Structure formats: structure tokens, C-alpha cells
Student: 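Okay, here's the structure, questions in a sec.
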2 protein chains.
Amino acid sequence: MKLSKDIINCKSCIYRNLLYEMLSDEEYEKVNTSRTEIIYDRGELMIQEGGEINEFMYLRKGLVKMYKTNSQGKDQILTINKPGDFINLLSIFSQKTQQYSVSALEETHVCSVKLDTIMEIIKSNSEFAIRIMNRMSYIADEIIKKRFEINQRQVKGRVAYMLRFLAEQIYHKNEFRMPITRRELGELISMTTENTIRTMSEFKKDGIIEMDGKNIHLVDFERLKKVCEMG
Amino acid sequence: MKLSKDIINCKSCIYRNLLYEMLSDEEYEKVNTSRTEIIYDRGELMIQEGGEINEFMYLRKGLVKMYKTNSQGKDQILTINKPGDFINLLSIFSQKTQQYSVSALEETHVCSVKLDTIMEIIKSNSEFAIRIMNRMSYIADEIIKKRFEINQRQVKGRVAYMLRFLAEQIYHKNEFRMPITRRELGELISMTTENTIRTMSEFKKDGIIEMDGKNIHLVDFERLKKVCEMG
DNA sequence: GTCGTTTTATGAATTATGTCATATTCAAAT
DNA sequence: ATTTGAATATGACATAATTCATAAAACGAC
């Protein structure tokens with residue numbers, strides 16, 4: 001973890017419209033000055049479940065996993081987040097601590113704005129407050145929907161669903177390098193590592209995917225979709 | 001579904017402090033006049049996934065299930081809601097339609113406030129806006145945590161977890177009448193009806209619970225807790 | 001009350017998933 | 001380059017869960 005040296009002004013940030021479009025110049029300046037950009041290395045823990053919340057954080061670059069650890073020390077991954085995503089918005093208004101852990105799956109750049117500043121603007125700008133509510137609602141929905149989709153499938157369907165998710169939502173192509181291990185893929189779909197690996201092998205044998213280590217190619221996307229729909 | 005005739009003023013409502021404590025007299029009056037109280041019978045559909053959102057709704061009396069229906073027509077229940085709970089708050093800011101269906105498990109009284117009125121107050125009263133955000137965050141968290149807890153258990157643990165939930169969170173005693181069928185219990189824990197019934201029978205045979213139809217008595221709560229912790 | 005439908009219940013067969021053991025490959029650290 | 005630990009891979013076996021079949025009990029509509 002280190003501070004970024006070349007910080008971009010929010011005005012030229014591609015994620016500006018996600019959140020800040022309705023701010024006044026003055027409010028805008030407040031955000032800009034209370035803002036830092038932090039770089040996390042692959043594997044670094046960015047947010048610890050139970051930790052204090054002082055910053056409002058969102059991704060500018062990279063990929064992270066959001067997860068919870070159970071009493072036996074096993075992780076359950078809730079989502080994979082990409083640039084433009086807010087990674088602790090659901091915790092901020094819990095009036096408590098961070099509700100989920102977040103760690104970097106690759107080098108990740110985070111914009112971090114002091115929570116006080118954000119709260120100040122929420123109080124003075126209702127349009128901004130409503131936008132924040134929209135984002136909260138969206139984030140909650142995405143997590144809940146994903147669990148809904150996963151719970152109604154069995155292993156093959158779950159793996160297929162996640163491969164589609166990675167291809168369609170994260171990489172926007174059928175060929176990519178897996179950002180997570182097979183164990184983490186298992187933690188994402190609530191399955192054992194062995195079963196997850198076996199299913200991937202089966203997909204390979206069946207000619208649905210090609211795979212060389214972490215490099216994945218979804219060669220028969222139509223069949224993958226079919227597995228995803230029923231299995 | 002019918003309108004309630006004896007509507008209580010919000011000022012004497014026991015749920016007032018959940019939400020309205022910081023409103024001005026004027027805002028208060030706005031809520032009170034744009035408010036209706038609706039009574040739903042057991043089994044009635046109160047909110048349909050995909051439907052339009054015009055009202056802000058919360059329970060004053062009764063019990064409901066919040067659920068989603070998958071493409072094969074199977075339901076998955078997300079939560080059971082009780083008086084004081086907001087039943088469409090997560091949908092309101094989705095800028096779309098109702099994200100979940102809600103139906104009454106028993107005679108249920110709902111306070112329904114025009115969404116326009118709520119939005120108006122959010123815009124004029126930032127304290128109220130923040131309270132709404134707190135509630136949203138809480139609701140999302142409860143749903144996500146519950147899925148987290150359920151996913152890491154197998155059938156016995158899941159059934160035990162839900163029985164504890166009903167006893168501790170809903171009825172506040174170890175003896176109660178099940179508000180849902182065994183099928184619905186299965187939909188709540190992502191298991192088949194047969195397995196759910198079998199597990200309940202097993203608990204009975206093992207002397208953990210006593211059961212006569214829908215009447216449940218958790219006679220050996222300590223053992224139930226133990227099953228809940230590991231199984 | 002009677003009829004029809006849903007719910008509860010249980011057994012047997014089948015399938016899915018988890019566990020344990022073991023081997024190989026890969027990648028990071030020295 | 002070598003070591004070490006993690007990740008991938010696979011088989012055999014045990015366990016868990018689903019499916020299908022069937023039946024009794026409970027419940028609502030008439």
C-alpha cells in the first residue's frame with residue numbers, strides 16, 4: 001500500500017459522472033482536496049471486516065474481492081469489484097464498522113475521500129444524497145441477485161455462471177486470465193475447491209472451455225450458457 | 001386487501017422513532033395526510049416483483065415473506081419481515097421496479113406513504129435522508145448476512161438456524177406456530193421440501209423439538225444451538 | 001359433511017457433493 | 001538454481017441431498 005504520486009483531478013476522471021456530476025464548484029473542490037489515491041499490491045488487504053470506517057472508497061483501477069470470514073476461518077466471497085465500484089458504501093451507513101473485508105486481486109488504485117467530507121455534502125446537497133442511495137440500492141441488489149442465482153444452481157451451473165460473469169461483466173471477452181484461484185472460485189459459489197477444479201476439468205474435457213493454468217478461453221459459449229441455464 | 005378504517009396518527013405509533021422522530025411539524029403532517037393503512041389477508045400478494053413503485057411501505061402488524069421467483073417458477077425466500085420492517089426500501093432507489101415480491105403470511109397491516117411525499121422530505125431534511133440510508137444499509141446487511149449464514153451450513157444446520165431465527169427474532173419464545181409451510185422453509189434455506197420435512201422429523205425423533213403440525217416447541221434449545229453451530 | 005387440493009410424511013433408488021489421500025505443477029523467496 | 005509452500009489435478013470412497021413414488025393428514029371451498 002502506498003500513496004499515488006500523480007493524482008488526477010476528479011474533473012478529468014472517467015468515473016466522475018457516477019457520482020459527482022451534480023456537485024457545485026465549491027463542493028467539488030471539497031472532495032478534491034480531501035481525496036487521496038492509494039495503490040494496493042496484489043494480495044493486499046484493503047479493508048478489514050470489523051475495522052473502523054473513516055473513508056469513502058471506490059476503485060479507479062484493478063480488481064478486488066469482497067468477502068466475509070466465518071467462525072471457522074473460511075471465507076465466503078460476496079462479489080468481485082471492478083473500477084467504478086464503491087467498495088464500502090454498504091458499511092458506511094451501518095453506523096458501525098466495516099461489514100466486509102476487501103482485498104486486491106491485482107494492483108489496484110483506490111480513490112479515498114474522507115467520510116466527513118462526504119457526509120457534509122450529503123447534508124447540503126440532496127441530489128447527491130439521492131445518488132448515494134441509488135448506488136447503495138444497486139450494490140445491495142447486485143450482491144443479493146448473485147446469491148439468488150448461485151443458490152438455485154448446482155456445481156456445474158454455478159461454475160458456468162461465474163465464468164459467464166467474468167467474461168461478460170469483468171473482461172468483456174471470452175478469453176481472459178482468471179483473477180482468482182480455484183479455491184476462491186469455490187468460495188464465490190459456496191463449493192469445495194476439489195469440486196470446483198473437477199468441474200473446470202470436465203468443461204475442458206467436454207470442449208466447452210480451453211484452459212492452461214489461469215488462462216481461460218470459453219470456446220463453446222453457447223454450450224456454457226446452456227449449462228448455466230439448467231445445471 | 002382493504003383499507004383500514006381506524007387509522008392511528010403517526011404521533012402515537014410505536015414505530016414512530018424508527019423513522020419520523022426528526023421531522024418538523026409540517027413534514028410530519030405531510031406524511032400523515034399522504035398515508036393510508038392497508039390490511040392484507042393471509043396469502044395475499046402485497047408487492048409483485050417487477051411492479052411499479054408508488055408507495056413507501058412498512059409493517060404495523062403481521063408477518064410477510066419477501067421472495068424472488070426464478071425462471072423455472074421456483075421461489076426463493078429472502079427474509080421474513082415483522083412489524084417495524086420496511087418492505088420495499090431496497091427497491092425504491094433502484095430507479096426501476098419492485099425488486100422482490102412480498103406476500104402476507106398472516107393478516108398484515110401496512111402503512112403506505114406516497115413515494116413523492118417521502119422523496120420531498122428526503123430533499124428537504126438531510127437528517128431524514130441519512131436515517132433512510134441507515135435503514136437501507138441495515139436491511140441489505142440482514143439479507144446478506146442471513147444468506148452467508150445459511151450457505152455455510154448443511155440441511156440440519158440450516159433448519160436449526162431458521163428455527164432459532166423464528167424463536168429469537170420473531171416470536172421471542174421457544175414455542176410458536178410456524179408461520180410458513182415446510183416448503184416455504186425449504187425455499188428459505190435453499191433445500192427441497194422433502195429434506196426439510198425429514199430434518200424436522202429427525203429433530204423431533206432426537207428430542208430436540210416437539211411438533212404437532214405447525215405447532216413447534218424447541219424443548220432442547222441447547223442441542224438445537226449445537227446443531228446450528230456445526231451442522 | 002364431502003370433495004379436491006395442498007401439506008406433511010416416509011422409503012428406496014439415484015445423483016451430487018464432500019472428504020481424504022496423493023501427485024504434480026507453479027510461483028515466490030532466497 | 002534451489003527450496004518451499006501453495007495451487008492444480010485426480011481417484012476412491014463416504015456422506016449428503018435430490019428425486020420419485022406413495023400415502024395419510026389437514027385445510028378450504030362448496
Side-chain angles (χ1 to χ4, degrees), chain A residues 41-44 65 70 72-77 103-107 150-161 163 177-206 209-216 227 230-231, chain B residues 41-44 65 72-77 103-107 150-160 163 177-206 209-216 227 230-231:
Chain A
D41 287 334
R42 192 164 109 81
E44 262 192 283
K65 61 172 177 177
N70 75 12
Q72 278 110 61
K74 276 200 167 186
D75 290 347
Q76 192 173 124
I77 300 177
S103 72
L105 296 171
E106 57 184 52
E107 188 192 290
I150 285 170
N151 280 327
Q152 61 188 71
R153 291 173 166 82
Q154 39 202 43
V155 196
K156 282 180 205 166
R158 292 183 184 189
V159 172
Y161 177 80
L163 290 176
R177 200 174 160 73
M178 284 281 276
I180 51 176
T181 64
R182 306 290 194 266
R183 180 169 58 79
E184 288 171 316
L185 181 53
E187 289 168 356
L188 206 38
I189 61 179
S190 298
M191 285 293 142
T192 57
T193 310
E194 291 97 322
N195 243 330
T196 310
I197 290 173
R198 241 186 284 269
T199 305
M200 295 281 286
S201 300
E202 204 178 323
F203 284 174
K204 183 183 178 180
K205 207 165 52 194
D206 292 350
I209 66 172
E210 274 169 15
M211 133 175 116
D212 175 29
K214 287 230 183 323
N215 296 313
I216 303 288
V227 175
M230 17 135 290
Chain B
D41 286 333
R42 192 164 108 82
E44 262 192 284
K65 61 172 178 178
Q72 278 109 62
K74 275 199 169 188
D75 290 348
Q76 191 173 123
I77 300 177
S103 71
L105 297 170
E106 57 183 52
E107 187 191 290
I150 286 170
N151 279 327
Q152 60 188 71
R153 291 173 167 82
Q154 38 201 46
V155 200
K156 282 178 206 167
R158 293 182 182 189
V159 172
L163 289 177
R177 200 172 159 74
M178 283 282 274
I180 51 177
T181 65
R182 306 291 193 268
R183 179 168 59 77
E184 287 171 316
L185 180 54
E187 288 167 359
L188 206 39
I189 61 179
S190 297
M191 285 293 139
T192 56
T193 308
E194 291 96 322
N195 240 331
T196 309
I197 291 172
R198 243 186 282 270
T199 305
M200 296 280 287
S201 300
E202 204 177 321
F203 284 175
K204 181 182 178 179
K205 207 165 53 196
D206 292 351
I209 66 172
E210 274 169 15
M211 133 175 114
D212 174 30
K214 288 231 183 320
N215 297 312
I216 304 286
V227 174
M230 17 136 290

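These numbers were taken from a predicted model, which means no experiment stands behind them. Chain identifiers are assigned alphabetically (A, B, ...) following the order of the sequence lines, protein sequences preceding nucleic acid strands; residue numbering begins at 1 within each chain.
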Student: Rounded to the nearest 0.5 Å, what separates atom CD in Gln76(B) from atom NZ in Lys65(B)?
Tutor: 12.5 Å

Student: Enumerate, atom names and distances included, each donor-acceptor pair closer than 3.5 Å involving a side-chain atom of residues 187-197 of chain A, sequence neighbours excluded.
Tutor:
residue   : atom : partner   : partner atom : Å
Glu187(A) : OE2  : Arg183(A) : NH1          : 2.9
Ser190(A) : OG   : Arg147(A) : NH2          : 3.1
Thr192(A) : OG1  : Asn195(A) : N            : 3.4
Thr196(A) : OG1  : Thr192(A) : O            : 2.7

Student: Between Lys156(B) (NZ) and dT18(D) (P), how many Å, whole number?
Tutor: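 It is 14 Å, rounded to the nearest whole Å.
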
Student: Whole angstroms only, please: what is the CG-C1' distance between Asn151(B) and dA16(D)?
Tutor: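 Taking CG of Asn151(B) and C1' of dA16(D), I get 16 Å after rounding.
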
Student: Could you pull out the closest heavy-atom pair between Ile209(B) and Met211(B), with the gap in Å?
Tutor: CD1-SD, 4.1 Å

Student: To the nearest Å, give me how far apart CD1 (Ile180(B)) and C1' (dT8(C)) are.
Tutor: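 After rounding, the reported distance stands at 14 Å.
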
Student: In whole angstrom, give the distance that lies between atom CG of Leu185(A) and atom C1' of dT8(D).
Tutor: 13 Å

Student: Is Ser201(B) close enough to dT10(C) that one of its side-chain N or O atoms is under 4.0 Å from OP1 or OP2 there?
Tutor: yes

Student: Please give, in whole Å, the distance from dA16(D) P to Gln154(A) CD?
Tutor: 18 Å

Student: Is the phosphate of dA9(D) approached by Arg182(A) (side-chain N or O, under 4.0 Å from OP1 or OP2)?
Tutor: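 So the side chain of Arg182(A) is within the cut-off, an N or O lying under 4.0 Å from OP1 or OP2 of dA9(D).
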
Student: Which atom pair, heavy atoms only, marks the closest approach of Asp41(B) to Ala104(B)?
Tutor: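 Closest approach of Asp41(B) to Ala104(B): O-CB, 3.4 Å.
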
Student: For Arg42(B), which residues count as a side chain to side chain contact (heavy atoms under 4.5 Å, CB included) partner, sequence neighbours excluded?
Tutor: none

Student: Roughly how bent is the helix from dG1(C)-dC30(D) to dT30(C)-dA1(D) end to end, in steps of 10 degrees, with each end axis from five pairs?
Tutor: 60°

Student: Measure the distance from CZ on Arg153(A) to P on dT18(D) and round it to the nearest whole Å.
Tutor: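 The answer, rounded to whole Å, is 16 Å.
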
Student: Mind checking whether Thr199(B) and Arg158(B) have side chains closer than 4.5 Å, heavy atoms only?
Tutor: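 The answer is no; the side chains never approach within 4.5 Å.
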
Student: Can you list everything that forms a salt bridge (Lys or Arg N to Asp or Glu O under 4.0 Å) with Glu202(A)? Sequence neighbours excluded, please.
Tutor: Lys156(A)

Student: Where along residues 190-199 of chain B does a heavy atom come under 4.0 Å from DNA chain D, residue by residue in number order?
Tutor: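 Contacts with DNA chain D under 4.0 Å: Met191(B), Thr192(B), Glu194(B), Asn195(B), Arg198(B).
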
Student: With the side chain counted from C-beta on, respond yes when Val155(A) and Arg198(A) share a heavy-atom pair under 4.5 Å apart, and no when they do not.
Tutor: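 Not in contact.
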
Student: Which letters describe nucleotides 25-30 of chain D, given B = protein heavy atom under 4.0 Å from base, S = only from sugar-phosphate, - = neither?
Tutor: --SS--

Student: When rounded to the nearest 0.5 angstrom, what distance separates CD1 in Ile150(A) from CG in Asn151(B)?
Tutor: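 Ile150(A) atom CD1 to Asn151(B) atom CG measures 8.5 Å (nearest 0.5 Å).
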
Student: Evaluate the side-chain proximity of Met200(A) to Val159(A): yes if any heavy-atom separation is below 4.5 Å, no if none is.
Tutor: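 A side-chain contact exists here, since the closest heavy-atom pair is under 4.5 Å.
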
Student: Please report, rounded to the nearest Å, how far the P atom of dT5(C) is from the CZ atom of Arg183(B).
Tutor: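 Rounding to the nearest Å, CZ of Arg183(B) and P of dT5(C) are 16 Å apart.
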
Student: What integer distance in Å separates Asn215(A):CG from dA27(C):C1'?
Tutor: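 So the CG-C1' distance, Asn215(A) to dA27(C), works out to 14 Å.
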
